[in-house]
Undergrad: 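My questions will all concern the structure given below.
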Protein chains: 2
Amino acid sequence: MRLDQLQSFLAVAETGSFQAAAQRCGVSQPTISRQIQALEDNLGIQLLHRSSRAKLTVAGDLFLRRAYRIWQEWQAASAELKAMQHGQQHELCIAAIHSICRHFLPTLLPRFHQSFPQMQLRVTALGSDRAVKVFQDGLVDLIIVMGDRYLFKQSEWVIEPLYSEPVQILMAAQHPLACHPTLTWEALAQYPHVVFKDGYGMRRLVAEEFARRNLPWQPALELNTPDAFIAVIRESDMLALLPRSALKDALDDDTLVIRHLDAKVAPPDRQVLAITTRDRLNLPPMAQLLTLIRQQASHESCFS
Amino acid sequence: MRLDQLQSFLAVAETGSFQAAAQRCGVSQPTISRQIQALEDNLGIQLLHRSSRAKLTVAGDLFLRRAYRIWQEWQAASAELKAMQHGQQHELCIAAIHSICRHFLPTLLPRFHQSFPQMQLRVTALGSDRAVKVFQDGLVDLIIVMGDRYLFKQSEWVIEPLYSEPVQILMAAQHPLACHPTLTWEALAQYPHVVFKDGYGMRRLVAEEFARRNLPWQPALELNTPDAFIAVIRESDMLALLPRSALKDALDDDTLVIRHLDAKVAPPDRQVLAITTRDRLNLPPMAQLLTLIRQQASHESCFS
DNA sequence: TTTATTTACGGCGCCCGTAATTATA
DNA sequence: TATAATTACGGGCGCCGTAAATAAA
């Protein structure tokens, strides 16, 4: 079945005449005749009486409702996708790690909102693994996560490195290690650690570094928001390895100090990636969002 | 858009691979590729990622639901009409005048039921005009009505004469006219008449006969079922002109007598017609019903 | 390298529009 | 007779399958 056959049928049913239908559809009258015939052959039953005012048969009457629904559904689909292509979708979902939600997106989202005031943005803070999962399930349009060797790349993904930043150590101002300007892994291993829960990129990065050096490493406390880290660290002898951006809030806090590792033994910088699918790049809102993200990222990189 | 393009898309979406889809659809793999391309061109947006496991794009995901609904609707329509053509429709509606419902259909319908036990029959007793109206509106599949010069014939109709029968006069046994073996119009005009309401064929036939003779004719009582006629006639000096089949119940009733008009001035026999549309003749239940109706009609004609 | 999709190509078939024919009122 | 739908016919476009090329994993 072709859609123009359906259209011919609907036109005839509505106008009651083949030639009126032909005019409406912008084709010759025999074309209408043949298309109706094809439809009837295809369905194996007569749809129209061929007297003066072409009236519907019982079968035609039954089919009319179906035909109309099919036609409507196609029109709706067509319009929907057209709208999407012109950037008129109404929501855009982002999942990102906490530091991005806290320090990267807030300056960027208002500017995006100016470009697409109609668009509803949904931003969710998640660990990297979870973000990748919801992205795979098609629940979000874009994720911003930590780069990771175990990231299972799909060919239809577009992975854009945004910036990288060093991992540093947060501790209370009166912590025994606070007097050292730089630290060693052995020193870190002496103290209990506050870490992210499983499924967070930073957890995996830290765990791998300790494992690589065969040092004992016992997470004393698992959290899933960086905010909570600061409160805990301030009042204990615990340590936390965090990316620099997560430590911005601690910079001006007298009760906390930030230290780094010896340059020789420092862990690799943590990479921050934006991931979406290739097809979404063609959607204007997504293109705009990515442009803003790139701008913000280059700005962020200046401080590295 | 062609339907097999839709089918290709659904097959790819379901199997995740072009060649699996090709196998399922029974075509070569390039055909699937081209059909998806055509669909994408038509909608102006990419529907599938072309990596290893062909996954849906956002647009494809949106379109999938529409496509599925369209496909289902077509399948349903196709099955529905196929079933109808094989006589599996589930109801058949008849509208007929009262005498037919009372004397003609009762012996016929049980036999029809034997042939199509699944089928639900709906029979409605109506005046001829009303029956024609509901038939035109597509509310019933078949009508059996009185033949009438004013019957507006449509070209897609099949009109089958069933039988004709004389019009006779019903009166109470002790009626002043009961002693005459045959009657004249002038005599009839002396007495009040019980008649059918407007829109009934017999009403029009009787009215025309009186009008043709310039005789006064005042309906004293209007009814719309022949049953009621008998009860009224029995206890009054009213007359009723009724077709012979409507008088069967009065034949063995001592309180009633039936008279006819002089042969020379008798009104035309009333014709009984079955009407349906040409397309319905191809439906097995209707074909069977018409066969039975014809049989019954020839049987009826024997008594004319 | 292997697998998967796209492009190239020859051929068949379908569909279109014009014009002649048939059916209908 | 006039109007409307169907059939006939020539031309072209479109779609198919096979096979080669290209892209991706």
Side-chain angles (χ1 to χ4, degrees), chain A residues 1-42 46-57 60 136 149-159 277-279, chain B residues 1-42 46-57 60 136 149-159 277-279:
Chain A
M1 198 270 290
R2 280 177 305 131
L3 216 56
D4 47 352
Q5 292 171 354
L6 216 69
Q7 196 176 4
S8 296
F9 172 70
L10 290 172
V12 172
E14 216 169 307
T15 62
S17 131
F18 277 48
Q19 58 186 18
Q23 203 161 354
R24 173 183 296 198
C25 296
V27 295
S28 75
Q29 192 268 2
T31 297
I32 297 288
S33 180
R34 274 188 303 250
Q35 286 185 350
I36 300 290
Q37 277 182 46
L39 210 49
E40 286 176 335
D41 289 352
N42 203 324
Q46 197 177 339
L47 298 174
L48 294 163
H49 295 291
R50 308 305 165 83
S51 48
S52 57
R53 259 194 81 75
K55 285 204 70 174
L56 294 167
T57 62
Q136 280 177 324
R149 162 161 26 114
Y150 295 114
L151 182 63
F152 186 64
K153 298 176 174 94
Q154 304 259 46
S155 61
E156 69 267 21
W157 289 3
V158 181
I159 302 182
T277 52
R278 205 167 298 281
D279 65 296
Chain B
M1 198 269 293
R2 280 176 306 133
L3 214 58
D4 47 353
Q5 292 172 354
L6 217 68
Q7 195 177 6
S8 296
F9 173 70
L10 289 172
V12 172
E14 215 170 306
T15 62
S17 131
F18 278 49
Q19 56 186 20
Q23 204 160 353
R24 172 183 298 198
C25 296
V27 295
S28 74
Q29 191 270 0
T31 298
I32 298 287
S33 180
R34 274 188 304 247
Q35 286 184 349
I36 300 290
Q37 277 181 46
L39 211 51
E40 287 177 334
D41 288 352
N42 203 324
Q46 196 176 339
L47 297 174
L48 293 163
H49 295 290
R50 308 306 165 84
S51 48
S52 57
R53 258 193 80 75
K55 287 204 72 176
L56 293 167
T57 61
Q136 280 178 322
R149 161 162 26 115
Y150 296 116
L151 182 63
F152 186 64
K153 297 175 175 94
Q154 305 258 44
S155 61
E156 70 267 21
W157 289 3
V158 181
I159 301 182
T277 52
R278 205 167 297 281
D279 64 294

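Keep in mind that what you see is a predicted model, and the values were worked out from it rather than measured. Letters A, B, ... mirror the listed sequences (proteins, then strands); counts begin at 1.
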Undergrad: At what angle, to 10 degrees, do the two end axes of the helix from C:dT1-D:dA25 to C:dA25-D:dT1 meet, given five pairs define each axis?
TA: 40°

Undergrad: Is the backbone of A:Q46 close enough, under 3.5 Å, to the side chain of A:T57 for a donor and an acceptor to pair up by distance?
TA: yes

Undergrad: Is a donor on one side and an acceptor on the other found under 3.5 Å between the side chain of A:E156 and the backbone of A:T277?
TA: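 Pair absent, no side-chain N/O of A:E156 close to backbone of A:T277.
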
Undergrad: Do A:F9 and A:E40 make a side-chain contact, defined as non-hydrogen atoms from C-beta onward lying under 4.5 Å apart?
TA: no

Undergrad: Starting at CD of B:Q23 and ending at C1' of D:dG17, how long is that distance when rounded to a whole Å?
TA: 16 Å

Undergrad: Expressed in angstrom and rounded to an integer, what is the separation of B:W157 atom CH2 from C:dT24 atom P?
TA: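 Rounded to the whole Å, the gap is 17 Å.
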
Undergrad: Pick the nucleotide of DNA chain C nearest each of B:Q154 and B:A20; which residue has the one closer to the 5' end?
TA: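 The residue mapped nearer the 5' terminus is B:A20.
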
Undergrad: Between residues 29-36 of chain A and DNA chain C, which residues have a heavy-atom gap below 4.0 Å?
TA: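 The stretch gives A:P30, A:T31, A:R34, A:Q35 as the residues lying under 4.0 Å from the strand, ordered by number.
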
Undergrad: Look up atom CZ in B:R50 and atom OG in B:S33, then write down how far apart they are to the nearest 0.5 Å.
TA: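 One finds 6.5 Å between CZ of B:R50 and OG of B:S33.
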
Undergrad: Start at the 5' end of DNA chain D and walk down; is the nucleotide closest to B:V27 or to A:A54 reached first?
TA: A:A54

Undergrad: Quick check: does any side chain N or O of A:Q19 sit under 3.5 Å from a backbone N or O of A:Q29, one acting as donor and the other as acceptor?
TA: no

Undergrad: Please report, rounded to the nearest Å, how far the C1' atom of D:dA24 is from the CZ atom of B:R50.
TA: 14 Å

Undergrad: Nearest heavy-atom pair of A:V12 and A:A54: which atoms, and what distance?
TA: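 Looking at all heavy atoms of both residues, the shortest contact is CG1-CB, 4.1 Å.
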
Undergrad: Does B:Q37 make a side-chain N or O approach to OP1 or OP2 of C:dT5 shorter than 4.0 Å?
TA: no

Undergrad: Does B:S155 make a side-chain N or O approach to OP1 or OP2 of C:dA25 shorter than 4.0 Å?
TA: yes

Undergrad: Quick one: are B:T31 and B:Q35 in side-chain contact, heavy atoms under 4.5 Å?
TA: yes

Undergrad: For A:R24 and A:A11, work out which heavy atoms get closest and say how close.
TA: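 So the two residues come closest at CD-CB, 4.1 Å.
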
Undergrad: Could you state the CZ-P distance from A:R278 to D:dA23, rounded to the nearest angstrom?
TA: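 Those two atoms, CZ and P, are 14 Å apart.
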
Undergrad: Report, as yes or no, whether the 6.0 Å neighbourhood of atom CD on A:Q154 holds more than 12 heavy atoms from other residues, nucleotides or ligands.
TA: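 Enclosed: over 12 neighbouring heavy atoms sit under 6.0 Å from CD of A:Q154.
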
Undergrad: Using atom CG of B:D4 as one end and atom C1' of C:dC14 as the other, report the distance to the nearest whole Å.
TA: 13 Å

Undergrad: If I take atom CG in residue A:L47 and atom P in nucleotide D:dA5, what distance separates them, rounded to the nearest angstrom?
TA: 16 Å

Undergrad: How many whole angstroms separate atom CG of B:L39 from atom C1' of D:dC15?
TA: 15 Å

Undergrad: Can you tell which of D:dC15, C:dA4, D:dA5 lies closest to the side chain of B:Q19?
TA: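 Taking heavy atoms from C-beta onward, the closest nucleotide is C:dA4.
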
Undergrad: Just how far, in rounded Å, is C1' of C:dA23 from CZ of A:F18?
TA: 13 Å

